[in-house]
Student: 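The structure under discussion is supplied below as structure tokens; questions concerning it will follow.
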Amino acid sequence: MSALTSFGYELDTSPEKFGELRESNDILDDAEALRQRMVADGYLFLRDVLDKKVVMAARREILERLASIREIDTANYPLIEGIASGQSERRRVDIKPFNEDLRTGEAIRALVHRGKVIQFYEKFLAGDVRSFDYIWIRTVKVGGATGSHYDWVYMGRGTRNLYTSWIPIGDVPKIEGALLILENSHKLEELKNTYGAMDVDRDVDGPYAGGWFGRNPLAVQEQLGGRWLTADFNAGDLLVFTMHTLHCSLDNCSPANRIRITSDTRYQLASEPVDERWMGDTPIAHSGRRTPTRQT
Ligand SMILES: O=C(O)CCC(=O)C(=O)O
């Protein structure tokens with residue numbers, strides 16, 4: 001196996017420090033067992049539960065938009081492969097509407113706001129479900145990665161009974177930048193009450209300004225303990241986790257120069273309070289903050 005890195009730091013893949021995410025397909029039809037597993041593990045990893053056709057339609061939609069600014073090598077590879085061209089016409093387009101269009105297409109909405117994901121949450125949460133209107137789409141080129149963080153820091157103004165769905169839009173093997181979850185990090189009460197209690201738009205100074213707990217996964221592990229867990233993700237898989245499950249990503253080191261395409265969206269009971277920053281036709285997101293910061 002090639003070295004797995006995050007921000008260039010090579011992970012220790014010995015069994016004490018690293019492992020595979022536990023799959024929960026065996027309890028998929030038992031909502032109470034899923035809830036108990038979420039309490040125990042801080043995440044649910046479900047293989048092949050989404051409609052692959054819907055996932056791949058979303059992939060095509062995103063890639064068509066990226067190809068329109070010449071970021072995809074369609075001269076040498078089929079569009080759907082998502083191979084980066086090494087070029088971009090991003091500077092020539094009005095980037096705000098472009099990005100908005102990228103994350104709100106009809107096929108993406110069909111994937112994250114309707115169908116199997118919603119059905120899963122209706123069962124898991126046992127009620128009417130509301131998803132955040134804001135949709136996060138990540139198109140990560142080779143070299144890109146995400147630092148360790150709790151999602152609560154970015155979206156903690158509503159119910160705590162809120163979950164992230166991380167969805168690979170196409171296959172995402174480890175080497176192409178899979179997500180990492182720090183085992184048992186949802187049980188770290190001190191971390192939850194310190195770093196985990198911050199609000200990135202309010203607490204704009206201090207060691208965690210910008211929202212990440214850290215970039216170096218080895219240092220994070222040294223400080224907090226636990227194994228980094230991940231998987232080779234396939235189109236159709238769904239990873240669900242709590243607001244206080246520490247996660248980051250591997251570097252995208254795709255030998256094929258493939259862009260990593262994923263979505264992370266949030267779901268809660270419709271009856272519970274919402275974080276208004278992420279709701280409505282044009283969510284304000286982090287625009288109320290005083291200093292610029294990293295993306296969620
Ligand atoms: O996909 C990534 O790299 C990061 C995703 C993330 O931070 C999230 O799902 O909250």
Side-chain angles (χ1 to χ4, degrees), residues 4-9 11 21 38 42-46 50 55 58-59 62 82 99 102-103 108 111-112 117 121 131-132 134-156 158 160 162-182 185-186 195-196 198-200 208 210-217 220 228-235 237-254 258-268 275 277-278 283 285-286 293-296:
L4 297 177
T5 61
S6 182
F7 291 98
Y9 298 100
L11 266 81
L21 290 161
M38 183 64 89
Y43 71 89
L44 295 171
F45 179 34
L46 301 167
L50 303 179
V55 175
R59 180 175 177 84
I62 293 164
N99 282 336
L102 188 70
R103 48 179 199 75
I108 288 159
L111 175 63
V112 303
V117 181
Y121 277 103
S131 53
F132 279 14
Y134 190 94
I135 299 169
W136 284 258
I137 293 291
R138 296 178 201 254
T139 56
V140 182
K141 292 185 182 150
V142 165
T146 302
S148 298
H149 63 277
Y150 280 150
D151 278 355
W152 187 248
V153 164
Y154 298 92
M155 50 204 70
R160 289 177 91 85
L162 174 69
Y163 296 88
T164 292
S165 274
W166 191 83
I167 299 176
I169 305 182
D171 295 349
V172 180
K174 296 180 185 86
I175 200 70
E176 293 190 354
L179 203 80
L180 291 164
I181 278 184
L182 189 66
S185 52
H186 64 303
Y195 159 70
M198 76 174 271
D199 176 322
V200 77
Y208 307 118
W212 287 352
F213 180 68
R215 275 163 48 112
N216 177 348
V220 170
W228 283 112
L229 305 177
T230 187
D232 289 314
F233 292 89
N234 298 319
D237 294 348
L238 173 65
L239 177 63
V240 179
F241 52 90
T242 79
M243 287 296 106
H244 288 100
T245 300
L246 202 77
H247 58 283
C248 64
S249 84
L250 289 162
D251 291 329
N252 182 356
C253 295
S254 171
R258 199 184 321 278
I259 297 175
R260 192 208 81 177
I261 304 176
T262 58
S263 164
D264 39 285
T265 43
R266 277 82 202 178
Y267 303 84
Q268 63 173 83
D275 184 332
R277 288 171 293 183
W278 307 107
H286 294 304
T293 191
R294 302 177 187 108
Q295 199 185 13
T296 314

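Model, not experiment: these values are computed from the prediction. Every number for a ligand or one of its atoms is a count from 1 in the order of the listing.
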Student: Ligand 1 and T164, any nitrogen or oxygen pair closer than 3.5 angstrom?
Tutor: no
Student: For Y163 and Y121, take the angle between the two ring planes, folded into 0 to 90°, and tell me which bin it lands in: parallel under 30, tilted 30 to 60, perpendicular over 60.
Tutor: tilted
Student: Enumerate the atoms of ligand 1 whose separation from the nearest heavy atom of T146 is less than 4.0 angstrom.
Tutor: 2 (C), 3 (O), 4 (C)
Student: Specify side chain, backbone, both or neither for R266, according to which of its non-hydrogen atoms lie closer than 4.0 Å to ligand 1.
Tutor: side chain
Student: Taking 4.0 angstrom as the limit and counting only heavy atoms of L179, give me the atoms of ligand 1 inside it, by number and element.
Tutor: 1 (O), 2 (C), 4 (C), 5 (C)
Student: List every atom of ligand 1 that sits less than 4.0 Å from any heavy atom of F241, numbering the atoms from 1 in the order shown and giving each element.
Tutor: 9 (O)
Student: Could you check whether any heavy atom of M155 sits closer than 4.0 Å to an atom of ligand 1, since that is the contact criterion I want to use?
Tutor: no
Student: Does H247 have any side-chain contact (heavy atoms from CB on, under 4.5 Å) partners at least two apart in sequence or in another chain, and if so, which?
Tutor: H149, D151, L179, I181, F241
Student: Determine, for F233 and R260, whether the Lys NZ or Arg CZ falls below 6.0 Å from the six-membered ring centre while staying within 45 degrees of the axis.
Tutor: no
Student: Do we get R160 above W152's six-membered ring, with its NZ or CZ under 6.0 Å from the centre and within 45° of the axis?
Tutor: yes
Student: Could you list which atoms of ligand 1 come closer than 4.0 Å to a heavy atom of S249?
Tutor: 3 (O)
Student: Y150 side chain to S185 main-chain N or O, any donor-acceptor pair under 3.5 Å?
Tutor: yes
Student: At a 4.0 Å threshold, what atoms of ligand 1 neighbour a non-hydrogen atom of W166?
Tutor: 1 (O), 2 (C), 5 (C), 9 (O)
Student: Relative to the heavy atoms of H247, which atoms of ligand 1 are at a distance of less than 4.0 Å?
Tutor: 6 (C), 7 (O), 8 (C), 9 (O), 10 (O)
Student: Kindly indicate whether a cation-pi arrangement holds for R138 with W166, taking the cut-offs as under 6.0 Å to the six-membered ring centre and within 45° of the axis.
Tutor: no
Student: Just to verify, what does S263 make a side-chain hydrogen bond (donor to acceptor under 3.5 Å, both in side chains) with, not counting sequence neighbours?
Tutor: none
